Amino acid sequence: MNSSQRTTAPQARAATRRVPLAVSITGWTLLVLSYLINAMDRQVFYPLLPEISAEHGFSLSQGGLLATGFTLGIALAGLPAGYLVEKLPRKTVLVISVFFYSAGTLATPLASGFADMAVFRLISGAGEGMQATALYAVVGSFFVLRRSFAFGVLGAVFGTGVFLGPLVGTAIAQDLGGWHTPFLFYGIAGLVLSVLIGLLVRRGVTDLDPGVVRGAEIPTDHVPSTPFNRNTALLCLACIAGGLVFYGYLGLYPTYLRQQLHYTASEAALATSVVGAGAATSILTGWLADRFNPRTILLITYAGVAVSAWLVFNGSASHVWQYTWSFVLAVFVAGSLFTTLNATMQRAVRPRYVGRAAGMFVSFYYVAAAFSGLLFASLVGSLGWTGAALWQLTILPLATLIPLWFLDSRKLLDPRRDA
């Protein structure tokens with residue numbers, strides 16, 4: 001199908017890339033802000049988990065499941081949203097998704113126990129999954145030639161949200177009425193943004209054709225014709241490991257600091273925020289992934305995750321040690337792993353399947369993340385903190401080097417070369 005045929009199809013994307021600068025700036029400002037609020041409101045739950053558990057009488061396993069269980073909603077929404085963004089305007093999917101995750105956030109402090117709080121967290125996660133899938137498709141389509149770098153910038157935005165979310169959230173909780181207040185604040189902010197996106201973001205920003213660059217179609221003969229191929233299967237395995245590692249760590253690391261190392265709530269929040277600072281390095285790793293073989297970067301990344309995670313849980317309890325190695329771990333797992341996997345998944349399919357690739361990444365990464373906190377808590381109960389971290393955060397990423405070794409870089413899109 002040539003570009004003119006693609007443009008006239010009812011579900012097709014606009015092939016032109018001549019979007020006015022003011023329109024682009026307005027659109028991307030609102031989209032980035034919505035992703036920032038997404039990151040901030042999902043991170044605030046972790047440092048407040050001890051207070052939430054104390055009020056409702058949750059066990060460590062129940063708290064761990066609530067801390068990361070919302071990602072099950074993200075996972076369940078990923079694949080359906082991948083199909084939706086290929087059939088509907090991506091802007092429409094974005095507006096609906098921001099509304100849903102904000103509504104779930106607003107409802108969280110209204111929960112009376114474990115069951116209804118789990119439902120509200122699931123709703124919030126489903127909205128976040130829809131938004132992530134649609135936004136990743138938008139980013140991959142708008143920034144075709146610098147896709148990894150663009151995902152790196154988006155990762156830095158997420159890292160900023162990870163950094164600010166716990167600090168702002170705990171400050172609001174301490175000064176303005178307890179742990180309930182931050183959820184109300186973030187929920188309202190998200191609802192406002194959903195309205196602004198609907199009114200001010202143009203489809204020229206959200207619905208470009210990822211297969212057309214400089215007026216010509218990108219050659220795709222070397223890429224498998226189906227989105228479900230050997231490379232995407234191997235990348236899905238890496239996504240599962242990545243979700244288990246990152247969210248197992250992120251969900252219960254503050255609890256480890258407070259219960260095992262006797263950190264205060266503020267000190268644990270700062271340690272969690274340092275993870276966000278490490279995620280900001282995704283700009284650099286994204287730049288590298290646009291210029292070098294992503295397979296090589298992924299192999300280095302997973303090895304780095306394994307080593308730095310071991311040092312976090314087997315080193316000193318001092319603040320300097322924990323903050324330093326939390327940052328290093330975040331450089332690998334949030335700065336490089338998330339960014340490079342996301343971009344490589346889209347490069348493993350033909351452009352018309354960019355939405356489905358985004359959906360596969362979101363679903364497989366977050367379905368593992370959904371149970372990562374429960375798995376980690378169960379391992380802690382059997383093996384202690386050090387043993388649990390060894391198996392879930394060190395041995396697992398080392399085992400993932402095996403499928404990544406067989407990734408075929410020759411069958412990945414390279415728009416900078418092919419265009």
Side-chain angles (χ1 to χ4, degrees), residues 39-40 43-44 46-47 49-50 67-68 152 155-171 241-242 244-288 297-340 372-373 376 379-380 384-398 400:
M40 291 178 71
Q43 298 308 122
V44 74
Y46 305 130
L49 180 57
T68 60
V157 171
F158 182 84
T160 302
V162 172
F163 182 82
L164 293 176
L167 295 179
V168 174
T170 53
L244 286 172
V245 170
F246 187 33
Y247 277 87
Y249 169 73
L250 199 60
L252 288 179
Y253 180 56
T255 302
Y256 165 74
L257 291 176
R258 295 187 65 179
Q259 292 186 355
Q260 190 75 8
L261 303 187
H262 308 295
Y263 280 38
T264 66
S266 297
E267 290 169 341
L270 179 58
T272 305
S273 296
V274 168
V275 176
T281 62
S282 59
I283 295 177
L284 174 61
T285 57
W287 180 84
L288 291 171
I297 294 176
L298 286 171
L299 289 170
I300 294 172
T301 295
Y302 276 79
V305 168
V307 173
S308 54
W310 188 89
L311 290 169
V312 167
F313 286 90
N314 291 273
S316 170
S318 71
H319 293 77
V320 172
W321 182 276
Q322 290 296 320
Y323 294 160
T324 298
W325 286 106
S326 292
F327 173 79
V328 174
L329 176 56
V331 169
F332 286 111
V333 76
S336 181
L337 184 153
F338 190 92
T339 298
T340 310
S372 60
F376 202 9
L379 289 173
V380 169
W385 286 101
T386 302
L390 174 65
W391 282 100
Q392 189 163 334
L393 307 185
T394 295
I395 293 177
L396 178 60
L398 287 177
T400 310

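Worth saying up front: this structure is predicted, and the values here are computed from it rather than measured. What's counted below: heavy atoms across the whole structure, side chains too, no hydrogens, waters or symmetry copies.
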Does [X] use its side chain to pair, donor to acceptor, with the backbone of [Y] at less than 3.5 Å?
| X | Y | answer |
| --- | --- | --- |
| Ser282 | Ala156 | yes |
| Tyr263 | Ala317 | yes |
| Thr324 | Trp321 | no |
| Thr264 | Glu267 | yes |

Are [X] and [Y] close enough that some pair of their side-chain heavy atoms sits under 4.5 Å apart?
| X | Y | answer |
| --- | --- | --- |
| Phe338 | Phe158 | no |
| Leu393 | Phe376 | yes |
| Leu396 | Val245 | yes |
| Ser372 | Gln392 | yes |

task = Any pair with a residue in residues 305-331 that passes salt bridge (charged side-chain N to carboxylate O under 4.0 Å, His left out), sequence neighbours left out, goes on the list, sorted by first then second residue, please.
result =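 Residue pairs passing salt bridge (charged side-chain N to carboxylate O under 4.0 Å, His left out), neighbours aside: none found.
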Applied to residues 250-259, the salt bridge (charged side-chain N to carboxylate O under 4.0 Å, His left out) test, sequence neighbours excluded, yields Glu51-Arg258
Going by the rule side chain to side chain donor-acceptor pair (under 3.5 Å), which residues pair with Tyr249 if we only count those two or more places apart in sequence or in a different chain?
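Ser326.
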With sequence neighbours left out, write down each residue that passes side chain to side chain donor-acceptor pair (under 3.5 Å) with Ser266, or none if nothing qualifies.
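Result, side chain to side chain donor-acceptor pair (under 3.5 Å) vs Ser266: none returned.
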Distance, nearest 0.5 Å, that separates [atom1] of [X] from [atom2] of [Y]:
| X | Y | atom1 | atom2 | result |
| --- | --- | --- | --- | --- |
| Leu270 | Thr170 | CG | OG1 | 9.5 Å |
| Ile395 | Trp310 | CD1 | CH2 | 12.0 Å |
| Asn314 | Thr394 | CG | OG1 | 7.5 Å |
| Tyr253 | Leu261 | OH | CG | 7.5 Å |
| Leu252 | Gln260 | CG | CD | 12.5 Å |
| Leu257 | His319 | CG | NE2 | 8.5 Å |

Contact summary for [X] and [Y], nearest pair of heavy atoms:
| X | Y | value |
| --- | --- | --- |
| Ser308 | Val328 | CB-CG1, 3.9 Å |
| Leu329 | Val305 | CD1-O, 3.7 Å |
| Ala241 | Tyr302 | CB-CE2, 4.3 Å |

Task: Residue that, paired with Leu298, satisfies side chain to side chain contact (heavy atoms under 4.5 Å, CB included) out of Leu337, Thr400, Thr340 - done: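 With Leu298 as partner, side chain to side chain contact (heavy atoms under 4.5 Å, CB included) holds for just one option, Thr340.
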Quick note, side chain to side chain donor-acceptor pair (under 3.5 Å) partners involving residues 327-338, not counting sequence neighbours, are Thr301-Ser336
Can you give me every donor-acceptor pair (side chain of residues 384-391, partner residue at least two apart or in another chain, under 3.5 Å) with its distance?
none

